[in-house]
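Given the structure is predicted, the values throughout are model-derived calculations rather than measurements. Order of the sequence lines sets the chain letters (A, B, ...), proteins ahead of strands, with each chain counted from 1.
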There are 2 protein chains.
Amino acid sequence: MAQASSEPRAPLSRELVLRAAVAIADADGIEALTMRRLGEAVGAEAMSLYHHVANKGDLLDGIVDLVMAEIDELAERTAVPDDDWQQAMRRRILSAREVMLKHPWAPRLFETRTTMSLAMIRYHDQLVGLMRAGGFSYDLAHHALHALGSRALGFSQELFDPAAGAGPGSERMLRDMADQVPHLVGMVTEIAHDDPDSTIGWCDDQAEFEFALDLLLDGLDRRR
Amino acid sequence: MAQASSEPRAPLSRELVLRAAVAIADADGIEALTMRRLGEAVGAEAMSLYHHVANKGDLLDGIVDLVMAEIDELAERTAVPDDDWQQAMRRRILSAREVMLKHPWAPRLFETRTTMSLAMIRYHDQLVGLMRAGGFSYDLAHHALHALGSRALGFSQELFDPAAGAGPGSERMLRDMADQVPHLVGMVTEIAHDDPDSTIGWCDDQAEFEFALDLLLDGLDRRR
DNA sequence: ACCTGAACACCGTTCAAGT
DNA sequence: ACCTGAACACCGTTCAAGT
């Protein structure tokens, strides 16, 4: 039994399964995360996973909790005195965004989960806490959570992404239908002229995110 | 051949296939929309559909275009003089929202499509047009589109939905973990007290949507 | 040109059986 | 208690064959 210690692998656990799942999503995207592939990754059959997660939905919920834990961790490390509610909120939300950028599949996953995990509830509770400390009524804090939406967690769905379908073609494509979308063509042309480097991916996602976030936070401050 | 006119059904077409697909999604949700089910609905085999749509992705893109057309139609019917950019934008976006409410599956579908259809590009072009007429620079209009995100199309993903998992249980559940989420408990308690009818579904989605929309539009107006 | 039936390569999941 | 292999009921899609 010389190789007895190398052959049998560590026993499975929910923790181990979830971490392997995140690793697969990070490496190959969330659509690559199948029960069979996950089983392979932990050195077991797909069916063995069901002893540690109830089903695939439970697996995905577990992943969300793992990401939330990562956000909590980062937020605590970079905590800031909360005498300025706006600065504190801004900091916390941009921390969440940092984590989201490390897991590009996370936003879409968060959107599809229908039940809110305890970790997610606690996160929003903390945001309300920051706003209360800043003098918000419960009512306004409530409106604020709705207004922020997913932006509270550091992401926003970009339905309008002129850079998508990208390459240098997208700008030319727009120009080809100049008569149908005159205003967008004007917009792209002017911005491309101001910053010639930006033909590909001419939207600075981080800047756009912060612009929208500050727009909302400023507006809330005014209604406080 | 007396029954020859009743037996053979109308020949398939892309239009017919897409409309049937929307009907299925409206009736039973987007997850009920499978190629086999859709084939059945139009009285053909699933495989026949591939003569009218390239694949399932193309089918979904087609559905998005259909919904966009519906939005355009309603917007034109309810058009408003655009001397007030903010009022014009508000009107147009709330029209889009009306259509989204008729197709509850649409927001999730819109989010998952990666390529922007011509109809969607045109919609955003019109929004830019409204803003330009209101004195916006291209740069600010560009920021505005990003800041609005999916809200420009009349929906927002509600990650924070205290009413979810709902029933009268959700409030009790929150109270059970009062020590973990003190601020949310306080918020729910106060709002429930102010409006006792609101225990179930105590968030007025339409009001929240308009609050957030006005917050953004007011903020944009100030930076105009 | 349009439609069909059988088949393929995937899913998540159940179940009886192993240790 | 934990893990396995075969099987089931689904997917979207390919392909050769029909009219």
How close do B:V181 and A:I121 get, heavy atom to heavy atom, and via which atoms?
-> CG1-CG2, 3.8 Å
According to the Watson-Crick and G-U wobble definitions, with both distances under 3.5 Å, which nucleotide is paired to D:dC15?
-> C:dG5
Separation of [N] [atom2] from [X] [atom1] (nearest whole Å):
X     : N      : atom1 : atom2 : result
A:L38 : D:dT4  : CG    : P     : 13 Å
B:M47 : D:dC11 : CE    : P     : 11 Å
A:E45 : D:dC3  : CD    : P     : 11 Å
B:E40 : C:dT4  : CD    : P     : 13 Å
A:L49 : C:dG12 : CG    : P     : 10 Å
B:L12 : C:dC2  : CG    : P     : 10 Å
A:H51 : C:dG18 : NE2   : P     : 16 Å
A:N55 : C:dC11 : CG    : P     : 17 Å

Are side-chain heavy atoms of B:D125 and A:P182 found at a separation under 4.5 Å?
-> yes
Can a side chain N or O of [X] be found less than 4.0 Å away from OP1 or OP2 on [N]?
X     : N      : answer
B:S48 : C:dT4  : yes
A:Y50 : C:dT14 : no
B:H52 : C:dC3  : yes

For DNA chain C, the residues among residues 23-34 of chain B that have a non-hydrogen atom under 4.0 Å from it = none
[Y] and [X] side chains, donor-acceptor separation under 3.5 Å:
X      : Y      : result
A:E15  : A:H52  : no
B:S156 : B:S150 : no
B:Q157 : B:R108 : no

Winner on side-chain proximity to B:R36, out of D:dT4, C:dT13, D:dC11, is D:dC11
Could you tell me whether the side chain of B:Y123 and the main chain of B:I71 form a donor-acceptor pair under 3.5 Å?
-> no
Any chance you could lay out the salt bridge (Lys or Arg N to Asp or Glu O under 4.0 Å) test for A:D72 and A:R122, step after step, and finish with the verdict?
-> CA-CA 10 Å; A:D72 272 352; A:R122 270 206 277 108; 3.7 Å; yes
